[in-house]
Every structure is written in C-alpha cells, then in structure tokens.
A.B. asks: 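What follows is a single structure, and I will ask about it in a moment.
Below, read A as the first sequence line, B as the second, and so on, with proteins coming before strands; counting in each chain starts at 1.
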Number of protein chains: 2
Amino acid sequence: MSRPAAPRRQRADATLNRARIVAAARTLFAERGSAVQLPEIARVAGVGIGTVYRHFPTHADLIEAAAEQRFAEIEDFARNECVLHAEPGQALARYLNHVGEVLTADRGLSAAIEAARESTGSEPRGETRARLETVIAELIERDRAAGALRDDCTVADVYLLVGAISATIGNRSGDWRRLLGIMLDGLYPRGTTSTAP
Amino acid sequence: MSRPAAPRRQRADATLNRARIVAAARTLFAERGSAVQLPEIARVAGVGIGTVYRHFPTHADLIEAAAEQRFAEIEDFARNECVLHAEPGQALARYLNHVGEVLTADRGLSAAIEAARESTGSEPRGETRARLETVIAELIERDRAAGALRDDCTVADVYLLVGAISATIGNRSGDWRRLLGIMLDGLYPRGTTSTAP
DNA sequence: ACCTGAACACCGTTCAAGT
DNA sequence: ACCTGAACACCGTTCAAGT
C-alpha cells in the first residue's frame with residue numbers, strides 16, 4: 001500500500017514489520033487517541049519495542065505514518081465530492097464539513113494535524129500533503145470564482161480553521177458544527193451557507 | 001488575595017505554603033506552559049513535593065488555582081473596558097481580542113481554559129467563573145441590542161471561540177488574529193468589525 | 001495538622017546480544 | 001540488516017516517619 005517502490009531496498013521481514021506497526025497504530029490511535037503507549041502498539045503489532053523505534057525514531061513519525069492514509073482519503077474526497085459534486089460555491093464548505101466528520105471518527109488524527117502544522121516550512125517532505133494542498137487551493141479558487149467565498153481566503157486560512165475544528169473535537173464538549181457554522185458565515189459573505197444535513 | 005476568608009481555618013504555615021506554591025506555579029506555567037514538572041514547582045516554591053500534593057491532589061487543581069487570578073483580571077477588563085469604554089456594538093469583539101492577548105502572554109492559561117471546559121456542568125464550584133459568565137452574557141446582550149451581533153449568539157458560543165483561539169495560540173504557527181477576524185465576521189453580520197489596532 | 005523526601009510504579013528510550 | 005527485550009533514566013505519586 002504505502003511506498004510501492006521504496007528507493008532503498010528493505011529486507012522482506014522489515015517491510016512486513018513496518019506495515020504491521022502502522023496497522024496497529026492506526027486502529028489504536030483511531031480508537032483511543034495518539035497517547036497510546038508504544039509498548040502496547042508493539043505488542044499488538046507482534047514485534048519488539050526496539051523494532052518500533054528502528055522504524056519510527058520519534059513518536060511524531062509514527063503518528064504521521066498512521067495518518068497518511070487518512071490524508072489520502074481526504075484528498076480523494078476533495079477531488080471527487082467537493083470539486084465535482086458539490087453545489088456551486090460550496091466546495092470548501094463541504095470539504096471542511098467532511099474533515100470534521102473524519103476527525104470525529106478518528107481520534108488520533110488531531111495530533112497528526114497539529115504535528116503537521118508545526119513542521120510546516122522546515123521539511124519539504126510529505127508528497128501526500130503537497131497534493132492535498134493543491135486540491136485545497138483549487139477548492140478556494142472555485143468558490144471564489146463563483147462569487148461566494150471572500151476574496152482574501154488562503155490555504156493557510158483553511159489550515160487555521162481545520163486546526164480550530166480539530167482542537168474543538170479533541171477537547172470534548174463544545175460542538176464543532178456550531179463553530180464551523182460561525183466560521184463559514186465569516187468566510188462566505190453572501191450567507192448562502194447551508195450546513196444543515 | 002485568594003480566599004480572603006477561608007471556611008476552614010488553616011495553620012499559618014499551611015496557608016503560606018499554599019500561596020508560595022501558587023506563586024511558583026503561576027510564573028512557571030506562564031513562561032513554559034502547564035507541562036512543567038511538579039518537582040520543579042516544589043523546589044522553586046521551597047516546599048517538599050508531598051506538600052504540593054496535599055494542597056493540590058490533581059494536576060488540574062493546581063492549574064486552576066494558578067489561573068484563577070487571570071480569570072479575575074479578565075473579568076475586570078470585561079466590566080471596565082468592554083462594558084463601559086468599548087465602541088457601541090463592539091463589546092464582545094473587544095473582549096475576545098483581549099483574551100487572545102492574555103493567552104499569548106501566559107502560556108499556561110490555555111490548559112486552564114481547556115480544563116474548565118471539561119468540568120463544565122459536573123461541579124458547580126468556581127465563583128470566579130460564574131461571575132465571568134455573567135459579564136459575558138452582558139456583553140452579548142449589549143452588542144445584540146445595538147443590532148450588531150447575530151441574534152443566536154450564546155455564552156457557550158463564546159467559550160467555543162475562546163477554545164479555538166486558545167488552541168491556535170497553543171500550537172504555535174498560525175496567527176490567532178486572523179482566525180478571530182474570520183470568526184468575528186461570522187458573528188457580526190453588518191461587517192462593522194474593525195479589529196485593527 | 002501539616003511537612004518531608006525516600007520509595008514505588010510506570011513509561012519512554014537505548015543498546016548489547018542474537019539471528 | 002534487522003530484531004529483541006532486558007536495562008536505564010525519568011517523572012509522577014504515595015506514605016511512613018517526623019515536627
């Protein structure tokens with residue numbers, strides 16, 4: 001799945017172990033947030049603790065790897081649902097709504113998003129992230145062209161809003177849909193935003 | 001300062017120690033966030049670790065105690081600056097702006113705010129918090145009466161927005177003023193919001 | 001009543017030994 | 001080249017002994 005043709009050849013068991021670790025991390029993070037103990041992940045994955053550290057030197061690396069597939073899924077949704085099937089001028093609104101739903105379902109994703117914001121600019125890596133950024137820019141362009149979205153909206157703004165939604169979902173209590181509603185009213189001057197399901 | 005007339009009499013050294021601990025926690029939390037180690041706080045306060053635990057059984061208790069004065073200061077600002085001297089219809093906007101500035105200056109306050117949201121409803125304690133809530137309701141009432149604020153804005157909304165600002169400030173990178181600007185545009189339909197200093 | 005800090009428990013991380 | 005898990009370091013928390 002991930003890394004179809006890795007630049008450096010790995011031993012077969014190494015690739016397998018890596019996949020097992022990521023799989024275990026994904027389910028555990030999703031269920032109980034990114035604070036799960038590494039020993040537990042190792043146990044579920046069926047490998048030694050040292051192996052986890054060999055593949056993912058820092059905790060953030062593992063979180064990122066576990067989140068990568070979700071990012072890809074989100075990008076997919078953006079390309080298909082938002083760009084193609086969303087009501088005119090409502091592509092970004094639909095996107096933000098979807099991100100909120102994914103964040104609700106996967107408790108570990110918030111940490112990945114926050115971590116991603118910290119490393120912005122320092123390292124150019126993250127091909128998935130780069131592609132996602134392109135789609136977001138496209139959504140903005142479309143809604144702006146439709147005359148619905150405010151003129152000064154940038155990709156950075158979208159990250160800002162996603163971060164806010166993410167934090168609200170993380171801290172329990174406080175419904176993120178209401179927050180998104182207010183923010184969308186700020187983004188779309190015309191007031192045509194209907195978030196109602 | 002805090003607890004002018006405590007219900008239960010304490011021994012003199014106990015009260016003194018408590019004050020020392022809170023003072024140490026306040027400066028350390030403000031400088032380096034709420035993740036400072038308890039042993040360090042105890043050392044700076046000049047007391048044993050056990051004493052810290054005696055006064056503040058859980059970490060959240062200490063955070064709350066350290067933040068209480070800030071909450072009182074914020075309430076003061078709301079009563080004086082916002083209610084009295086703010087431009088008509090801009091009381092809440094001024095309030096949110098100020099909260100953001102305080103949060104920027106005191107890195108430990110975010111944790112207190114998040115903790116406060118979690119305990120909402122469970123325990124009625126927090127006289128300071130109750131008074132703050134009253135003022136916020138007043139700010140909302142005023143701006144709404146001036147026809148500037150949207151009709152459905154509640155106190156819970158304000159907590160929601162403060163939480164979002166708090167989280168944005170916490171995760172570095174990503175300017176909270178921009179976020180607040182968008183949210184304010186969502187709150188004030190007329191578009192008269194000038195956050196510019 | 002209250003303070004103290006050594007002692008305990010726990011978790012993250014490393015690294016020598018093994019395959 | 002990679003895996004393993006015992007060993008180390010660290011930090012939060014408790015509690016028996018002291019005042």
A.B. asks: Paired with D/dC11: which nucleotide, if any, by Watson-Crick or G-U wobble criteria at under 3.5 Å for both distances?
C.D. replies: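 No nucleotide pairs with D/dC11.
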A.B. asks: Side chain of A/Thr51: nearest nucleotide among D/dC3, C/dA1, D/dA1?
C.D. replies: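 The closest nucleotide is D/dC3.
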A.B. asks: Output the single nucleotide from C/dG12, D/dA6, D/dC3 whose closest atom is nearest the side chain of A/Ile49.
C.D. replies: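 So the side chain of A/Ile49 is nearest to D/dA6.
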A.B. asks: Of the listed nucleotides (D/dG12, D/dC3, C/dC3), which one gets closest to any side-chain atom of B/Tyr53?
C.D. replies: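 The listed nucleotide nearest to B/Tyr53's side chain is D/dG12.
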A.B. asks: State the pairing partner of D/dC3; accept Watson-Crick or G-U wobble contacts with both distances under 3.5 Å, and report none otherwise.
C.D. replies: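 D/dC3 is paired with nothing.
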A.B. asks: Nearest-nucleotide wise, let me know which of B/Pro57 and B/Arg11 is further upstream toward the 5' end of DNA chain D.
C.D. replies: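 Of the two residues, B/Pro57 wins.
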A.B. asks: How long is the line joining CZ of B/Arg54 and P of C/dG5, in whole Å?
C.D. replies: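 It is 15 Å, rounded to the nearest whole Å.
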A.B. asks: Can you check the B/Gln10 CD to C/dC2 C1' distance for me, whole Å?
C.D. replies: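 In whole Å, C/dC2 C1' lies 10 Å from B/Gln10 CD.
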A.B. asks: Take the protein atom CG of A/Leu38 and the nucleotide atom P of C/dT14, then report the distance between them rounded to whole Å.
C.D. replies: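 About 11 Å, once rounded to whole Å.
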A.B. asks: In terms of side-chain heavy atoms of B/Asp13, which of D/dC3, C/dC3, C/dT14 is nearest?
C.D. replies: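 Nearest listed nucleotide: C/dC3.
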A.B. asks: Calculate, to the nearest 0.5 Å, the distance between atoms CZ and CG belonging to B/Arg144 and B/Leu92 respectively.
C.D. replies: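 So the gap between those two atoms works out to 10.5 Å.
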A.B. asks: Rounded to the Å, how far apart are B/Leu62 CG and D/dG12 P?
C.D. replies: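 Rounded to whole Å, this separation is 12 Å.
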A.B. asks: Side chain of B/Ala14, heavy atoms from C-beta onward: which of D/dG5, D/dC2, C/dC3 has the nearest atom to it?
C.D. replies: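 That would be C/dC3.
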A.B. asks: Find the partner of C/dA17: check Watson-Crick (N1-N3 plus N6-O4 or O6-N4) and G-U wobble (N1-O2, O6-N3) distances, both under 3.5 Å, and reply none if neither fits.
C.D. replies: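 Partner of C/dA17: none found under 3.5 Å.
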A.B. asks: For B/Ile41 and D/dT13, give me the distance from atom CD1 to atom P, rounded to whole Å.
C.D. replies: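 In whole Å, D/dT13 P and B/Ile41 CD1 are 11 Å from each other.
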A.B. asks: Inspect the contact between B/Glu31 and B/Arg107 and indicate whether a charged nitrogen and a carboxylate oxygen are less than 4.0 angstrom apart.
C.D. replies: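 B/Glu31 and B/Arg107: not salt-bridged.
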A.B. asks: Nearest heavy atom decides the nucleotide; on that basis, is A/Gly50 or A/Val36 closer to the 5' end of DNA chain C?
C.D. replies: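 Counting from the 5' end, the first nearest nucleotide belongs to A/Val36.
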A.B. asks: If only side-chain N and O atoms of A/His55 are considered, is one of them under 4.0 Å from the OP1 or OP2 phosphate oxygen of D/dC3?
C.D. replies: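 Answer is yes, contact under 4.0 Å.
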A.B. asks: From C-beta outward on B/Asn17, which listed nucleotide comes closest to its side chain: C/dA1, C/dC3, D/dC3?
C.D. replies: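 Nucleotide nearest to B/Asn17's side chain: C/dC3.
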A.B. asks: From C/dT13, C/dC11, D/dG12, pick the nucleotide closest to the side chain of A/Gln37?
C.D. replies: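 Between C/dT13, C/dC11, D/dG12, the one nearest the side chain of A/Gln37 would be C/dC11.
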A.B. asks: Going by an N to O cut-off under 4.0 Å, is there a salt bridge joining A/Glu133 and A/Arg129?
C.D. replies: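 A salt bridge is absent here (no side-chain N lies under 4.0 Å from a carboxylate O).
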A.B. asks: Could you give the CZ-to-P distance, from A/Phe56 to C/dG12, as a whole number of Å?
C.D. replies: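 Result: 16 Å.
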A.B. asks: How are the rings of B/His59 and B/Phe29 set to each other: parallel, tilted or perpendicular (split at 30° and 60°)?
C.D. replies: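 Tilted, since the angle between the ring planes falls between 30° and 60°.
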A.B. asks: Answer yes or no: is there an ion pair linking B/Glu75 with B/Arg70, defined by an N-O contact shorter than 4.0 Å?
C.D. replies: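 Salt bridge between B/Glu75 and B/Arg70, a charged N being under 4.0 Å from a carboxylate O: no.
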A.B. asks: Using whole Å, what does the distance between atom C1' of nucleotide C/dC3 and atom CG of B/Leu16 come to?
C.D. replies: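 Answer to the nearest Å: 13 Å.
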